[in-house]
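Step one of this worksheet: look at the structure below.
It should be emphasised that the depicted structure is a prediction, and the values quoted were computed from it without experimental measurement.
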Amino acid sequence: MTRIAIIGGGPNSMYLLNGLLGVLSENPKQRLNITLFDKYGDFGSGWAHSPRQPKTSMLNRIVGQLAYAPDKSNNICGFFPKSTNITFNEWCKRKYTLTQDERYNKNPDEFPTRELYGESLKEIFYALVNELLATRADIKLIKDEVNGIKKESGSLYKLSTMTNSKTHIFDIVILATGHQELKDNLVLSKQLKTCIEYYNFAYPLFDVPQWQEKRIGIIGMGLTAIDIMLYYTENKGGKFIRENNQLKYKPSGEEPKKIFALSRSGYFTYSRPHNFKEIDLQKYEHNGYFYTRQLVDKLREQLGAPSHSDSSPVNHSKQLDFDRHIFPVLLLELKLCYYRILFGQEILELMLEQTRPLVDNFSSSHNQHNMQKDTAIEFLTKAVDILARETVFKIRRYLNDQTTTFIQHVTIESAVKRFVHVVYGQQVAESGNIIQVVQQLPSMGSPWGHSTEPEAHLFNWDFIVDPITHMNFSPNTPYRDRLLQFMELDRLQSEQGNLDNPYKGACDDVFRDLRQCVVYAVDFGGITPASYHWMLKDFYAVHNRAANGNCIELMEKIEALIEANIVDVTYAKSNIQIDDNIVYLHSLSDPGNLTTLDTMIDAKLHNFDVKKAKGQLFTNLLNEGIASCWIHKDQNGVEYPISSFNITREFQFINCHGEKELVFCIGQPSEGIMFFQNGSIRPNVNHHVANDVLACINAVKRELSNTNKFGTESSLNKQKIIP
């Protein structure tokens, strides 16, 4: 019998169990003894989606975008267990039919609470366990934290845990550990710990002692920070009520004295638009006009620089520069998607036709157009910009005096009608012939807060990055009022949805639909270390803010908390200073303001770093030689500074001798060498998380088939990884 350990009890562990059931279905004679370890005992859900989570914490994924296993859209999947062959949407419908409990009565485009999704994960997890038991697999669940793995004689692995002196012996080990707390994320963390209560990690959510008397600073204004803010307000008995069509917060008296929101950008994540693509994914999912895997391959072949000879052998042999080669094409793609929504398909076709030779020129060889970021952007987008300005000019003429004209062969009336549709709504655009409609517009406003002036609608990347600086405010307007006005506008834009709102739709098309094409360019040293660093710091931060935000409902609650002076954004962008053992916030958002803190919580989920992990397991794997660090160097020897594991493309560990171990990982432990590995499986879209799990399971299956009797090393395990 083969003994397999899975470390971590969250959704990834369930995906792995699902794959192992597939292995047993193919080979009924195979016997498996599977042991799962989870620090909190939240098997199936993990701590992030535990049913014990407060009901104020919500997912930023809609009901219709959650599955429990690979499906028929994943081409390499051919086995569909009864327990996991269901989507979260179907699970909710099934539960509602059985119970008539309204908490299960969810529409596919609703955002669920973490605890509800966690309830489904646990239920399906245990149904899957029962299916495995029926195949004569042995399953054991242990609530404990694995803190060490040692290599025994042959290819056996001895696991030790935090609370039990007993050791466990396994043939195969798979890490599915999820997000890990890192030591001293913030530069000032060591000094802060000596002056105030400082918490390095937010999850699982917890009560600060005597929180009602504390002034709490929260580092980060993303999803985790929002969870914390609602935990200390609505979760403590506060109520959100609607008065005169505005959401208001009524305190319970159990809130902290003050909550300060702090971040480098000064922005919360933008609200997630209504997702109307779910109506017809085949029709609306964006596949890339120019930014495709084929283009990435061509760019790498023509423009890539050789990687360093010391780099990990699984790395690409040629590296692109993200800023010069990838980002300009992504920005082109954003503009095309934006103008398709704003002006319509006919104008888009003109833009595509005139841009194709530019992309061909850009990607064919080293030339003056691809040597610098700004030059590359200007070159690739010049045809789009010229046509956009011409279209805006002719829309203006038509709005002023109904002048009929053409943009090449396209009549301006079609672009005007689409512009009116976007700014004023479909009902207005189709309320009469276009001349009659245009004549009525001067007395109308946009229900989504759009400017009614065509000139204001030229695409502006800087508006996505830092929108407040591009809005009209008097110089003395406090940052609080500026941020609230932007958040209201952003919420209105999201109400319009991802098919009719140009900015929201373009960000959804490129940042979400093309995410795996970005990953394709970046994984395994696909870009230089320096550009990888800046991609994470700049592009990825904007990507997360613009496309990975939370639902409209939650963001409106944050607005209400700011209006109620519970959450203070005066110090959103702050200079944190320690003076005489007192921690000060010095506002950069509203210069002149100073305040002090009692408590600080780091609410950022930081990039995976093996050597900074608070737990002992990862450094233990390195110390034992079972794992090695990924080496990412450019041709000049410049190395990526954050340490991550060296793994194969099938998620198998490469040890200090360059050989494969019978140790695998899924999810965050694979990040660094791979990009954007955290997330739940989406149904019916050939989702990358599902494909990653299938790749890992295929490697496990191959190792099983290459070993006649476990306890002796497989022949494959002895092979070195060669470039």
Side-chain angles (χ1 to χ4, degrees), residues 1-10 12-14 16-17 20 32-44 46-47 129 137-183 200-201 203-204 608-629 643-647 651-657 659-671 696 700 703 707 710-714 717:
M1 179 175 285
T2 304
R3 295 156 297 184
I4 298 178
I6 298 175
I7 304 173
N12 279 331
S13 71
M14 183 171 70
L16 291 166
L17 283 183
L20 292 175
L32 297 180
N33 181 307
I34 306 168
T35 303
L36 278 77
F37 297 86
D38 188 78
K39 178 180 179 179
Y40 299 104
D42 287 313
F43 293 102
W47 57 260
V129 167
D138 292 335
I139 308 287
K140 186 183 293 184
L141 308 178
I142 298 177
K143 181 183 177 181
D144 208 341
E145 181 180 4
V146 176
N147 62 356
I149 302 176
K150 287 184 178 292
K151 192 80 173 284
E152 293 289 283
S153 58
S155 58
L156 299 179
Y157 301 93
K158 182 169 72 173
L159 273 62
S160 59
T161 61
M162 291 290 289
T163 61
N164 196 321
S165 59
K166 178 184 175 183
T167 56
H168 308 265
I169 304 296
F170 295 96
D171 303 293
I172 294 175
V173 179
I174 311 176
L175 274 62
T177 50
H179 277 294
Q180 296 293 302
E181 179 178 355
L182 302 186
K183 295 176 288 192
N200 201 48
F201 199 59
Y203 287 120
F608 181 68
D609 191 328
V610 172
K611 293 180 180 178
K612 288 182 68 176
K614 185 177 180 181
Q616 303 171 34
L617 177 60
F618 297 151
T619 51
N620 164 263
L621 286 166
L622 292 176
N623 293 338
E624 292 293 322
I626 296 170
S628 60
C629 276
S643 60
S644 63
F645 287 126
N646 199 19
I647 59 174
F651 302 90
Q652 190 165 3
F653 275 59
I654 300 171
N655 66 23
C656 62
H657 304 296
E659 298 169 347
K660 293 179 184 178
E661 290 284 341
L662 296 179
V663 179
F664 302 81
C665 64
I666 282 292
Q668 201 190 31
S670 65
E671 288 204 336
C696 179
V700 171
E703 293 286 16
T707 307
F710 260 89
T712 60
E713 284 190 301
S714 70
N717 191 41

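In terms of heavy atoms, S13 sits closest to A176 at N-CB, 4.2 Å. Considering every non-hydrogen atom in both S155 and L662, the closest pair reads OG-CD1, 4.0 Å. In plain terms, the two heavy atoms of P669 and C665 that are nearest each other are CB-CB, 3.8 Å. The two residues C629 and K611 come nearest to each other via the heavy atoms SG-CE, 3.9 Å. The two residues K143 and F43 make their nearest non-hydrogen contact at N-CZ, 4.2 Å. Counting all heavy atoms, side chain and backbone alike, D609 lies closest to S643 at OD1-OG, 2.7 Å.
Taken to the nearest 0.5 Å, the CG atom of L141 stands 10.5 Å off from the CD1 atom of I34. Distance check, rounded to the nearest 0.5 Å: CD1 of I647 to NZ of K660 gives 12.0 Å. Atom CD1 of residue I7 and atom OG1 of residue T35 lie 10.5 Å apart, to the nearest 0.5 angstrom. Taking CZ from F37 and CG from L617, the interatomic distance works out to 11.0 Å, rounded to the nearest 0.5 Å. A distance of 8.5 Å separates CG of L159 from CD1 of I169, quoted to the nearest 0.5 Å. Distance check, rounded to the nearest 0.5 Å: CD of Q180 to CZ of F201 gives 7.5 Å.
Residues T161 and I142 are not in side-chain contact: their nearest non-hydrogen atoms beyond the backbone lie 4.5 Å or more apart. Between L36 and L17, the closest side-chain pair of non-hydrogen atoms falls below 4.5 Å. You'll find the side chain of N620 stays beyond 4.5 Å of the side chain of N147, heavy atoms only. A heavy-atom distance below 4.5 Å is not found between the side chains of N200 and K614. Two residues are said to be in side-chain contact when any heavy atoms from C-beta on lie closer than 4.5 Å; H168 and V146 fail this criterion. Annotation: side chain of F608 is not in contact with side chain of L182 (no heavy-atom distance under 4.5 Å). Put simply, the side chain of W47 reaches to within 4.5 Å of the side chain of H179, judged on heavy atoms.
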>> Evaluate Q668 against N12 for side-chain contact (heavy atoms from CB on, under 4.5 Å), listing each step before the verdict.
In response: CA-CA 10 Å; Q668 201 190 31; N12 279 331; over 6 Å; no

> Please walk me through it: do L621 and F645 pass side-chain contact (heavy atoms from CB on, under 4.5 Å)?
Replying inline: CA-CA 10 Å; L621 286 166; F645 287 126; 4.1 Å; yes

>> Does E624 form a side-chain contact (heavy atoms from CB on, under 4.5 Å) with I149? I'd like the steps, not just the answer.
In response: CA-CA 8 Å; E624 292 293 322; I149 302 176; over 6 Å; no

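With a 6.0 Å radius and a threshold of 12 heavy atoms from other residues, nucleotides or ligands, K612 has its NZ atom above the threshold.
Here K151 pairs with E661 in a salt bridge; the nearest charged N to carboxylate O distance falls below 4.0 Å.
For the residue pair D171 and T2, no side-chain donor N or O sits within less than 3.5 Å of a side-chain acceptor on the partner. With 3.5 Å as the limit, one finds no donor-acceptor pair spanning the side chains of N655 and S628.
Screening L175, T177, L20 for a side chain to side chain contact (heavy atoms under 4.5 Å, CB included) with I6, the sole residue that qualifies is L20.
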